[in-house]
Amino acid sequence: MTSLSADDSYLDHYGFSHDPFAARVPGFKFFPAQRKPVLGQLHHLARYSQLLLVVTGPEGSGKTLVRQALVASSNKQAVMSVVITPQGTADSSAVLQQIGQALNIQHADFDGVMAQIVQLALTGQEVYLLVDDAEQLTGAAVETLLRLAAGSPEARPHVFLFGEDSLVSRLEALVEGEERFHVIALQPYEEDETREYLAQRLEGAGAGLETLSEEQIARIHEQSGGWPGAINLVAREELIEAIKHSKTRKATKGWPSPLPMKHLLAVLAVLCIIAVAFLLRGGEDEPEVQTNTPLALGNAPRSAPESAAGPVTPPESPSKIEFETPAAAEPANTDSALTTAVEPANDVSKENSATTAHQDGAAPSPAVTQKEAPAPVVQPAPEPVVPETPAPKTPEVVRPAAQPAPAASAHSAWYAEQGGNRYLVQILGTRTEKNAQTLVAQRGSDYRYFVKEHEGKPLYVVTFGNFANRAAALAAIKTLPAALQSGKPWARSFASVQKEMRK
């Protein structure tokens, strides 16, 4: 993954007030449960032991956070804390110079420092010397700190070194088997502690844990090994990668094509061939234009019989057809051919003609000198409309309506009225409002839900309780039913909820 700087687009995309995973975030304090025994052990050893104390862990393991917590939890009236931060490789004289400046000593050598520590002890004040990044100390500087930790019969400072594991082997080489220091190794976060750490980081930037999916949280914990510094790096890369994938989806959303381009061209060619064939076939099936002639009134004769008066004259043109008949014959319609009287038997030719016409189903047509008008089209009589008999009504069964759970809008005012510095427990988020309503109705009045927009769709978030601080909310999680605890609920502030509702 490629790292990007926390520019405005990164912050604006997620609505962060600042980069939640920056190396140093002002005011951020996260101390998981497993670190509290370490802090208690340091205070205990400082009071009852004369050993130099060493806290080890890889880079980004939270050593500086433990040092800050040790200073913050010390009695300010009884303890003077001197924090030493080596700038690159620090030798013995550089360490003594920093201690001398903190204790207001003009001659910052070993004897001058010890003399000032004895004077402070007479006034009831102890001195804590705390060294960050102690692996950067030279051998001579480490040996000087071992001498200071041993002190004198009158007084001694309490020396704490915070460094990587390589520092231990250097101390072992200097003490040559003597018991002069004690090591406390920090442990990585468990997955639940990683989740809580991410939640607090995101809330500090005005967001919430739902910014990350469950898959992303699991991946962050696995890739970081549970070390806080690595969690910051991996979490930030996950958010940046999500932005890149989002932009890629938008760019390709215009024409999603599951087929390769050559296959699409082949499909288009086949469609063009089908279209051309359809057009050609449509030209052949074009209906013929009927002419306004007497032939439209009946079936045309198969053959024109010769009458006694002479043969039938062929038509002059397709649009005007005339038939010649004996002058004495009267016009007859198509139905009269079946009832025409037959001439006497001595005229054999006429009788044969009549018989042939009778068998063919057509009578000789009279002479036509003018174009006859088409026969009128007889419209069929409309069928009588029978009114429908309405079906008998089934008596309605009146059932009492179930009382639905209050809608999200009913809870919106409640969330808005709470103090932003108070806390609640987020139970779950669902895309179906009915699911949220059902859970709230089943669990009771301490459960509510609000609606927010997540990935362009509404998300209904169920919450529990209203607590004065984060510690009370975390304690309440342990009292939830096992079915709800399995969903990994987490504590968050009302301020973060109110911000999401405004969006």
Side-chain angles (χ1 to χ4, degrees), residues 1-4 7-15 210-220 222-223 234-303 314-321 361 371 374-383 385-386 388 428-436 451-461 503:
M1 292 182 288
T2 304
S3 178
L4 300 176
D7 54 11
D8 292 340
S9 61
Y10 166 66
L11 302 180
D12 292 343
H13 183 85
Y14 293 103
E210 65 276 6
T211 305
L212 297 167
S213 66
E214 290 298 322
E215 293 79 5
Q216 287 177 312
I217 294 173
R219 191 160 53 242
I220 290 169
E222 180 181 358
Q223 294 181 6
V234 178
R236 193 163 177 275
E237 295 293 343
E238 284 286 343
L239 293 178
I240 292 172
E241 285 297 316
I243 296 176
K244 293 180 180 178
H245 288 310
S246 175
K247 291 180 178 179
T248 302
R249 286 195 300 269
K250 290 179 180 179
T252 58
K253 192 175 180 181
W255 186 6
S257 174
L259 295 176
M261 183 58 67
K262 62 180 181 179
H263 293 172
L264 288 175
L265 294 176
V267 171
L268 291 175
V270 172
L271 292 177
C272 291
I273 293 172
I274 293 174
V276 171
F278 179 80
L279 292 174
L280 293 176
R281 184 179 177 183
E284 293 177 357
D285 294 341
E286 187 176 5
E288 297 180 0
V289 179
Q290 294 185 353
T291 57
N292 192 9
T293 66
L295 290 179
L297 301 177
N299 295 328
R302 296 180 184 175
S303 62
E316 296 180 357
S317 65
S319 61
K320 183 177 180 180
I321 304 176
K371 190 182 296 182
V377 179
V378 180
Q379 298 291 341
E383 295 182 1
V385 179
V386 180
E388 295 182 359
L428 56 83
T430 174
R431 292 293 186 188
T432 306
E433 186 175 14
K434 187 176 180 181
N435 294 342
V451 62
K452 56 173 282 188
E453 182 176 329
H454 181 61
E455 296 181 353
K457 298 179 181 179
L459 182 69
Y460 303 93
V461 181
K503 288 184 181 179

Can you check whether Glu433 reaches Val451 side chain to side chain, under 4.5 Å on heavy atoms?
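No, side chains not in contact.
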Any side-chain heavy-atom pair of Arg431 and Leu459 under 4.5 Å:
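Contact flag for Arg431/Leu459 side chains = yes.
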Kindly determine whether Asn435 and Tyr460 satisfy side-chain contact (heavy atoms from CB on, under 4.5 Å), including the steps that lead there.
CA-CA 9 Å; Asn435 294 342; Tyr460 303 93; over 6 Å; no
Among all residues two or more places apart in sequence or in another chain, which pass the side-chain hydrogen bond (donor to acceptor under 3.5 Å, both in side chains) test with Arg219?
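Expected list: Glu238.
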What's the spacing between Ile240 CD1 and His13 NE2 if we round to 0.5 Å?
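Going from CD1 on Ile240 over to NE2 on His13, the span is 11.0 Å.
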Straight-line distance of Lys244 NZ to Glu237 CD, nearest 0.5 Å:
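Reported value, rounded in 0.5 Å steps: 7.5 Å.
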Check whether Thr430 reaches the backbone of Thr432 with its side chain - one donor and one acceptor, N or O, closer than 3.5 Å.
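Yes.
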Determine the minimum heavy-atom distance between Leu239 and Leu212, stating which atoms define it.
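Minimum heavy-atom separation between Leu239 and Leu212: CD2-CD2, 3.5 Å.
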What residues form a salt bridge (Lys or Arg N to Asp or Glu O under 4.0 Å) with Glu215, not counting sequence neighbours?
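Per chain and number, Glu215 pairs via salt bridge (Lys or Arg N to Asp or Glu O under 4.0 Å) with no residue.
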